[in-house]
K.L.:
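Have a look at this one before I ask anything.
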Amino acid sequence: MKYIVKVNGKAYEVEIERSTAGGYAAPQMAAPAYAAPQMAAPAYAAPTPVHTPAPAASAGAEVRSPLAGNIFNILVNVGDRVAFGQNLIVIEAMKMENEVVSPCEGVIKQILVSKGSVVDADDVLIVIQ
């Protein structure tokens with residue numbers, strides 16, 4: 001049996017067949033009378049990565065504590081050359097270890113804390129030159 005069904009103002013032809021089990025089979029819908037719009041590929045170039053060199057320490061960069069806690073470990077010594085993003089100190093706060101990294105390249109000029117000492121947020125930990 002064929003039926004015309006309107007959905008949102010569009011007419012669809014639906015065919016329903018009696019199955020051998022005595023019920024009705026799933027309705028078969030004819031394709032709509034229009035073609036779906038085709039999307040064109042975007043016309044842009046992929047972005048190129050930009051390499052930004054790590055900043056060098058000028059007249060002494062201060063590495064400050066990002067939070068209050070205990071100094072759990074000091075990973076560098078005075079005179080060590082450090083790279084941008086290198087781990088310097090581990091601070092324990094609320095049973096979590098937080099790594100403090102170097103904000104620049106340079107040489108460790110001064111370490112102002114010791115293992116086990118308590119620091120507040122924004123305290124100077126290390127000076128890099």
Side-chain angles (χ1 to χ4, degrees):
M1 297 191 314
K2 291 186 178 183
Y3 295 95
I4 302 278
V5 178
K6 286 187 178 180
V7 178
N8 293 332
K10 294 181 183 173
Y12 295 94
E13 185 178 311
V14 179
E15 185 176 334
I16 299 177
E17 297 177 1
R18 184 175 291 269
S19 73
T20 57
Y24 286 99
Q28 302 294 319
M29 296 183 67
Y34 66 90
Q38 298 295 320
M39 301 294 289
Y44 63 86
T48 55
V50 178
H51 175 65
T52 321
S58 50
E62 295 179 338
V63 179
R64 296 183 175 270
S65 176
L67 71 164
N70 297 324
I71 300 299
F72 183 74
N73 199 2
I74 300 174
L75 306 171
V76 293
N77 296 308
V78 174
D80 288 353
R81 176 162 285 288
V82 294
F84 174 73
Q86 180 179 337
N87 292 338
L88 303 175
I89 290 181
V90 179
I91 297 176
E92 185 269 325
M94 298 187 333
K95 307 265 186 209
M96 294 185 65
E97 295 178 7
N98 303 281
E99 296 175 339
V100 178
V101 298
S102 175
C104 60
E105 294 178 352
V107 177
I108 302 293
K109 179 181 176 185
Q110 201 174 15
I111 299 176
L112 303 171
V113 293
S114 61
K115 190 173 180 178
S117 61
V118 178
V119 294
D120 286 325
D122 210 35
D123 283 354
V124 179
L125 306 174
I126 293 180
V127 176
I128 300 174
Q129 189 166 10

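Along the sequence shown, the residues carry numbers beginning at 1.
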K.L.:
Applying side chain to side chain contact (heavy atoms under 4.5 Å, CB included) between Ile128 and each of Leu88, Asp80, Val107, report the one that passes.
P.N.:
Leu88
K.L.:
In Å, rounded to the nearest 0.5 Å, how long is the span from CD1 of Ile89 to OG of Ser65?
P.N.:
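The distance works out to 8.5 Å.
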K.L.:
Please answer: with hydrophobic residues joined when any side-chain heavy atoms are less than 4.5 Å apart, are Val118 and Val113 in the same cluster?
P.N.:
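No, Val118 does not connect to Val113 through the hydrophobic network.
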K.L.:
Going from CG on Leu67 to CG on Asp122, what distance comes out if it is rounded to the nearest 0.5 angstrom?
P.N.:
11.5 Å
K.L.:
What's the shortest heavy-atom distance between Ala11 and Ile4, and which atoms?
P.N.:
CB-CG2, 4.2 Å
K.L.:
Apply side chain to side chain contact (heavy atoms under 4.5 Å, CB included) to residues Ile108 and Asn77 and explain how you reach the verdict.
P.N.:
CA-CA 7 Å; Ile108 302 293; Asn77 296 308; over 6 Å; no
K.L.:
Is there a continuous path of hydrophobic side-chain contacts, each under 4.5 Å between heavy atoms, that joins Val119 to Ile111?
P.N.:
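Yes, Val119 and Ile111 fall within the same hydrophobic cluster.
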K.L.:
Taking Val78 as the starting point, is it possible to reach Val63 by hopping between hydrophobic residues whose side chains are less than 4.5 Å apart?
P.N.:
yes
K.L.:
Provide the closest heavy-atom pair for Ala93 versus Gly69 in the form atom of the first, atom of the second, distance.
P.N.:
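Answer, listing the atom of Ala93 first, then Gly69: CB-CA, 4.3 Å.
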K.L.:
Would Val127 and Val100 show up in the same hydrophobic cluster when neighbours are defined by side-chain heavy atoms closer than 4.5 Å?
P.N.:
no
K.L.:
State, to 0.1 Å, how close Ala83 and Ser102 come at their nearest heavy-atom pair, and which atoms those are.
P.N.:
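Closest heavy-atom pair between Ala83 and Ser102: O-CB, 3.4 Å.
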K.L.:
If two hydrophobic side chains count as joined below 4.5 Å and joins carry through other members, does Leu112 share a cluster with Ile74?
P.N.:
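Looking at the clustering, Ile74 is in a separate group from Leu112.
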K.L.:
Looking at every non-hydrogen atom in both residues, tell me the closest pair between Ala121 and Pro66 and how far apart they are.
P.N.:
CB-O, 4.3 Å
K.L.:
I need the Glu99 CD to Ile91 CD1 distance, nearest 0.5 Å.
P.N.:
11.0 Å
K.L.:
Does atom CD of Glu92 have more than 12 heavy-atom neighbours from other groups under 6.0 Å away?
P.N.:
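Counting neighbours around CD of Glu92, more than 12 heavy atoms of other residues, nucleotides or ligands fall under 6.0 Å, so yes.
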K.L.:
Could you tell me which non-hydrogen atom of Lys115 sits nearest to which non-hydrogen atom of Phe72, and how far apart they are?
P.N.:
CE-O, 3.1 Å
K.L.:
So which heavy atom on Gln86 is nearest to which on Arg81, and how close?
P.N.:
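Nearest pair, atom of Gln86 first, then Arg81: OE1-O, 4.1 Å.
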K.L.:
Within this structure, what is the CG-CZ distance for the pair Asp120 and Arg64, rounded to the nearest 0.5 Å?
P.N.:
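So the CG of Asp120 and the CZ of Arg64 are separated by 12.5 Å.
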